[in-house]
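This report refers to the structure that appears directly beneath it.
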Amino acid sequence: MVIKKKSVSIVAPFYNEGEGVVLFWTAIREILDAMPAYDFEVICVDDGSRDDTLQKLISIAAQDRRFHVVELSRNFGKEAALTAGIDVAVGDAVIPIDADLQDPPELISEMLAEWDKGAEVVLARRMDRSTDTYMKRKTAELFYRFHNRLSHIKIPENVGDFRLMDRIAVDVLKQLPERQRFMKGLFAWVGFKTTTVDYKRSAREVGTTKFSGWKLWNFALEGITSFSTAPLKLMTYLGGTGTLITLFYALYIVFRTLIHGVDVPGYASLLVAILFVGSLQLIGIGILGEYVGRIYMETKQRPTYVVRKQHGVSRTFDHLASHDSHE
Ligand code: UDP
Ligand code: MG
């Protein structure tokens, strides 16, 4: 009798990682070869790279049957690329991992051990982010604190997309219909029995980060507006407080006028009050706009990503083979 091996899909998004592709292959191959107890597939998503990333990935897929390439039609961003890879993956567990080897592949065996012990989600937590700049660490810390204060869905701090998810969690994730995908939040929303393994985040081996400060800022806005409506409520309370203060101030002016007569000066206080209230209104409209804009994008119902082509031998996992035979 053949005992069926558990299958594991590793999903890696690639955007202009030409210098790192072979390094990635070498590192992953070594790790996978050391774990013959599982069937592996590696889904590499080329997120519209403009360098030779795609060519290199395709040539690897031709040499290593575990490697598959999903080629997107243009750059859709990391969240979309990850979604594409997870949609294609067929393993009993799925592990998203960065292509730049900042998520150490050595950790995969620890994750699998936790999975075998019954965990449905295994998070990889960065113990030490000293390789990130001071600014990045501080802003990340602020984001987590702010987000988790506002939202019911708590995003675990110092946990990236690197994690293991059992098929049971992946299937729920795939059912979430939203097009704008803030993966960290969606991963957390799904829930399930979760354990954590710790690691030390290393610096990028080659290439440079694809996330500028402005991109990260927008990413943070996306995260907060995707999972919380607290900013909208905040405006209501600010408005309410302003109204109360104005009311008392109005009463005060009425009584003062009754006692001391008409008081003509007051240009400065008048101007300050007008400008202050005006700015508050603009901020309020801006916050509203963030939400309305997202509703607008969602209602278009455009797909999250577009696949140009898939490369690599057809998937070898048994349960996939049975699907293929119907085609
Ligand atoms: N990435 C992607 N599409 C993008 C930007 C990034 O697929 O538009 C991939 C990138 O190739 C890498 C991962 O997302 O595998 C993480 O990117 P990066 O290392 O630049 O982010 P950082 O580690 O600096 O947060
Ligand atoms: Mg990186």
Side-chain angles (χ1 to χ4, degrees), residues 9-28 42-57 60 67-89 94-105 107-108 124-144 155 157-163 180-187 199-220 222-223 304-308:
S9 305
I10 292 168
V11 176
F14 286 75
Y15 178 52
N16 294 345
E17 301 282 1
E19 293 169 80
V21 174
V22 174
L23 278 175
F24 176 80
W25 181 36
T26 322
I28 292 284
V42 184
I43 312 283
C44 303
V45 183
D46 175 59
D47 188 14
S49 298
R50 281 185 297 267
D51 62 359
D52 55 356
T53 302
L54 179 66
Q55 288 70 37
K56 285 184 174 163
L57 285 175
I60 288 170
F67 276 67
H68 306 277
V69 184
V70 178
E71 181 189 343
L72 301 189
S73 63
R74 61 169 170 85
N75 178 244
F76 280 89
K78 183 185 177 187
E79 309 298 294
L82 255 187
T83 307
I86 291 171
D87 284 347
V88 167
V94 173
I95 304 178
I97 188 169
D98 277 3
D100 57 7
L101 295 178
Q102 280 194 292
D103 302 333
L107 213 65
I108 291 175
R125 185 171 53 198
R126 300 164 211 169
M127 288 291 281
D128 170 10
R129 293 180 65 144
S130 54
T131 53
D132 283 336
T133 59
Y134 177 79
M135 265 298 278
K136 183 152 184 184
R137 285 203 306 266
K138 274 290 156 213
T139 47
E141 192 188 312
L142 244 154
F143 166 73
Y144 285 115
I155 301 180
E157 205 166 329
N158 289 330
V159 172
D161 295 327
F162 189 33
R163 62 185 63 212
Q180 313 280 89
R181 300 184 82 78
F182 182 69
M183 292 310 262
K184 267 188 232 258
L186 297 182
F187 287 149
Y199 75 99
K200 192 171 170 303
R201 187 155 180 87
S202 51
R204 232 176 198 281
E205 301 258 329
V206 289
T208 51
T209 176
K210 310 292 182 287
F211 288 90
S212 62
W214 181 244
K215 238 176 151 180
L216 281 173
W217 165 252
N218 281 315
F219 192 51
E222 177 78 44
T304 309
Y305 58 86
V306 176
V307 175
R308 179 181 291 124

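Just so it is clear, the model here is predicted, and its values are computed rather than measured. For ligands, and for the atoms within them, numbers begin at 1 and follow the listed sequence. The figures here come from the full heavy-atom set of this structure, side chains too, leaving out hydrogens, waters and symmetry mates.
For the Mg ion (ligand 2), the N/O/S atoms of D100 include one lying under 2.8 Å.
Of the protein's non-hydrogen atoms, K78 CD, 3.3 Å is the one closest to atom 14 (O) of ligand 1. The shortest contact between atom 21 (O) of ligand 1 and any protein heavy atom is with F211 CD1, 3.3 Å. Regarding atom 16 (C) of ligand 1, its nearest protein heavy-atom neighbour is D98 OD2, 3.4 Å. The single protein non-hydrogen atom nearest to atom 22 (P) of ligand 1 is T209 OG1, 3.8 Å, given as residue, atom name and distance. Regarding atom 19 (O) of ligand 1, its nearest protein heavy-atom neighbour is D100 OD2, 2.5 Å. Regarding atom 23 (O) of ligand 1, its nearest protein heavy-atom neighbour is Q102 OE1, 2.7 Å. Looking only at heavy atoms of the protein, atom 9 (C) of ligand 1 is closest to P13 O, 3.8 Å. With hydrogens left out, the protein atom closest to atom 20 (O) of ligand 1 is K210 N, 2.6 Å, a heavy atom.
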As a quick check of understanding, evaluate ring pair (Phe, Tyr, Trp, His ring centres under 6.0 Å) for F219 and F182, giving each step before the final call.
CA-CA 8 Å; F219 192 51; F182 182 69; 5.1 Å; yes
Before giving the answer on side chain to side chain contact (heavy atoms under 4.5 Å, CB included), spell out for L216 and W214 the whole-Å C-alpha distance, their side-chain angles and the decisive distance to 0.1 Å.
CA-CA 5 Å; L216 281 173; W214 181 244; over 6 Å; no
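Using a 4.0 Å cut-off between charged side-chain N and carboxylate O, E79 and R181 make no salt bridge. K78 and D161 are joined by a salt bridge, as a carboxylate oxygen and a charged side-chain nitrogen come within less than 4.0 angstrom of each other.
Of all the heavy atoms in A84 and L72, the pair that sits closest is CB-CD2, 4.0 Å. Minimum heavy-atom separation, I155 to K184: CG2-CD, 4.2 Å. Minimum interatomic distance between F187 and P96 (heavy atoms only, all atoms of both residues): CZ-CG, 4.3 Å.
On a distance-only criterion, A81 and ligand 1 share no N/O pair closer than 3.5 Å.
With ligand atoms numbered from 1 in the order given, ligand 1 contributes 10 (C), 11 (O), 12 (C), 15 (O) to contacts under 4.0 Å with heavy atoms of E17. Per-residue contacts place N75 under 4.0 angstrom from the following atoms of ligand 1 (heavy atoms of the residue considered): 3 (N), 4 (C), 8 (O). Atoms of ligand 1 lying under 4.0 Å from any heavy atom of A99, numbered from 1 in the order shown and given with element: 15 (O).
At a heavy-atom distance under 4.0 Å, only backbone atoms of F14 (N, CA, C or O) approach ligand 1. At a 4.0 Å heavy-atom cut-off, ligand 1 touches K136 through the side chain alone.
Relative to atom 3 (N) of ligand 1, the option among V45, L101, D47 with the closest non-hydrogen atom is D47.
Judged by distance alone, with hydrogens and angles left aside, the side-chain atoms of D47 form a donor-acceptor pair with the main-chain N or O of F76 at under 3.5 Å.
Inter-residue side-chain proximity for V69 and F14 is flagged as unmet; no heavy-atom pair is nearer than 4.5 Å.
The closest side-chain donor-acceptor pair between Y144 and N158, if any, does not fall under 3.5 angstrom.
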